[in-house]
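Okay, structure first, notes after.
These numbers were taken from a predicted model, which means no experiment stands behind them.
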Amino acid sequence: MKTINYFSLKMDLDGEGIVTIYKNFVVTAEFFTGPSGEYFMSRVYRSVDDLEQFDLVDARLELASEKWADRFSTEGEALMAAFMLIERGRCGEVID
């Protein structure tokens with residue numbers, strides 16, 4: 001299984017979205033295009049490593065939220081939705 005971390009997410013998105021840190025989470029806003037149009041969706045990742053021993057940038061990550069069913073017109077809207085998810089404490093369960 002491939003280890004996901006902040007840098008691997010940045011490489012995977014490579015211009016197709018944004019990766020940022022918000023509190024103790026890594027958040028992505030990914031760009032999609034296809035027959036249904038162009039839109040952004042977000043994901044939230046949390047560390048599987050102890051953040052007292054690892055910086056969040058170096059820590060291994062696991063998905064802490066599903067990709068949003070909602071589609072957003074801008075990166076900012078997708079990021080704000082993910083930030084609100086974190087603020088509401090809805091990133092506790094890991095999604096397979």
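In this structure, Tyr45 has no ring pair (Phe, Tyr, Trp, His ring centres under 6.0 Å) partners at least two apart in sequence or on a different chain. Under the rule for a ring pair (Phe, Tyr, Trp, His ring centres under 6.0 Å), Phe7 has no partner lying at least two apart in sequence or in another chain. Partners of Phe54 under the ring pair (Phe, Tyr, Trp, His ring centres under 6.0 Å) rule, at least two apart in sequence or in another chain, do not exist in this structure. Here Asp58 pairs with nothing under the side chain to side chain donor-acceptor pair (under 3.5 Å) rule; sequence neighbours left out. Considering only residues two or more places apart in sequence or on other chains, Tyr39 meets the ring pair (Phe, Tyr, Trp, His ring centres under 6.0 Å) condition with Phe32.
No donor-acceptor distance shorter than 3.5 angstrom exists from the side chain of Asp49 to the backbone of Ala59, with no hydrogens or angles considered. For the pair Thr28 (side chain) and Glu30 (backbone), a donor-acceptor distance under 3.5 Å is absent.
Under the 4.5 Å side-chain heavy-atom criterion for Ile, Leu, Val, Met, Phe, Trp and Tyr, Val48 and Ile21 are members of distinct hydrophobic clusters.
Contact annotation: the side chain of Glu38 never approaches that of Ser73 to less than 4.5 Å [non-hydrogen atoms, C-beta and beyond].
For an aromatic pair to be called close, the ring centres must be under 6.0 Å apart, and Phe72 with Phe40 fails this.
Across all their heavy atoms, Leu56 and Tyr6 have their closest contact at O-CB, 4.4 Å. Residue Leu63 comes nearest to Val44 through the heavy atom pair CD1-O, 3.6 Å, listed as atom of the first residue, atom of the second, then distance.
The stretch residues 76-87 participates, sequence neighbours left out, in these salt bridge (Lys or Arg N to Asp or Glu O under 4.0 Å) pairs: Lys23-Glu87.
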